[in-house]
Amino acid sequence: MVDIPNDHPRAESLRVRHAIIDGMHSKIVAEAGLIAHGRGEAYDYLIGEKTHDFAIDAIDAAAAMLYLAKHPVLSVNGNTAVLCPEDMIKFSNKTRIPLEINLFYRSDERMNAITEVMKKYNANLILGNNSEYYEEIDEISSLRRVVDKRGIYSADVVFVPLEDGDRTIGLKKNNKKVITVDLNPLSRTSQQADITIVDNIIRVFPLLLKSFDSIDGRSDAEAILSRYDNNKILKSAMEKITSYFKDKL
Ligand code: ATP
């Protein structure tokens, strides 16, 4: 691990960057995951590296959708396994929503490395790593089409952070509701998802848990969802990015 001085103005961002690099060396993160992280970092910079109201509204809607779902699943990739394993697993264990490992750059080595991370943080419900339960979703062309029949295959709501657009579109064609976390409000995933949380995944799970815990029954969750408009949220995120540039002019 590289020694990053605490007084460095971007110490936290550098620590996260090096955690991703270490994750690549231990085979949890794919090489392309480093590039995806860089794109996320750039957008985080443009929103001031903090959670805004448009993300809070999307988090509340996501909590409501997960609360109402018959069969929700949280999809896990290498970057999320490095960036927020503890908070993600705490959310899964407390809400009893299973975690499913689902990888674009799929290999047994990466599957095993991510499974080990999840065991280290005591995940109760891990799917996607047992070939006995594999099924394929025809609408997805990448290796991400291989899913767990107890998980994403039969899910009505899938939480897919840091996602590529093809998979989101495939899951939607397969009649699933999609919730994503994506710092880029312009990505195909952000534009296609039912709920887009434009925020850094590092900040999201504690807020999502708080919101989930505060839901006062099904009618409360239904009311939250009925008020929600994803296009409005995406527009607010883009306005925030635009205002960042305007303020600097
Ligand atoms: P699409 O196919 O949806 O247009 P893409 O080609 O950018 O998107 P990827 O590179 O697979 O797809 O996705 C990575 C996405 O995750 C990017 O949009 C990036 O902004 C976002 N991202 C990366 N790191 C984080 C993070 N820590 N928190 C939230 N989003 C992130």
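Basis for what follows: all heavy atoms, side chains included, without hydrogens, waters or symmetry-related copies. Just follow the structure's listing: the first ligand is 1, and inside any ligand the first atom is 1.
- Contact atoms of ligand 1 toward T189: 3 (O) (distance under 4.0 Å to a heavy atom of the residue).
- Residues K50 and D199 are not paired through a salt bridge, judged by the lack of any N-O separation under 4.0 Å between the basic side chain and the carboxylate.
- Using a 4.0 Å cut-off between charged nitrogen and carboxylate oxygen, R203 and D44 count as a salt-bridge pair.
- For atom 21 (C) of ligand 1, the candidate residues are N79, D182, I169; the nearest heavy-atom contact is made by D182.
- Aromatic ring centres of F205 and F159 lie closer together than 6.0 Å.
- The structure places CG of D213 at 10.5 Å from OH of Y67, a figure rounded to the nearest 0.5 Å.
- Between R39 and ligand 1, at least one pair of N/O atoms sits closer than 3.5 Å.
- Polar contact with ligand 1: absent for Y43 (N/O pair, distance under 3.5 Å).
- Residue contacts with ligand 1 for E163 involve N, CA, C or O but no side-chain atom from C-beta outward (heavy atoms, distance under 4.0 Å).
- Those atoms of ligand 1 that come under 4.0 Å of a heavy atom in N184, given as number and element, are 18 (O), 20 (O).
- Taking the charged nitrogens against the carboxylate oxygens, D166 and R188 do have a contact shorter than 4.0 Å, which makes a salt bridge.
- A salt bridge between K232 and D57 is absent, with no side-chain N of the basic residue lying under 4.0 Å from a carboxylate O of the acidic one.
- Looking at atom 2 (O) of ligand 1, its nearest protein heavy atom turns out to be G165 N, 2.8 Å.
- Of all protein heavy atoms, the one lying nearest to atom 23 (C) of ligand 1 is A36 O, 3.2 Å.
- Listed by atom number, the atoms of ligand 1 under 4.0 Å from L83 heavy atoms are 27 (N).
- Here E86 does not pair with K90 in a salt bridge; the nearest charged N to carboxylate O distance is not below 4.0 Å.
- Heavy-atom proximity to D199, at under 4.0 Å, picks out these atoms of ligand 1: 28 (N), 29 (C).
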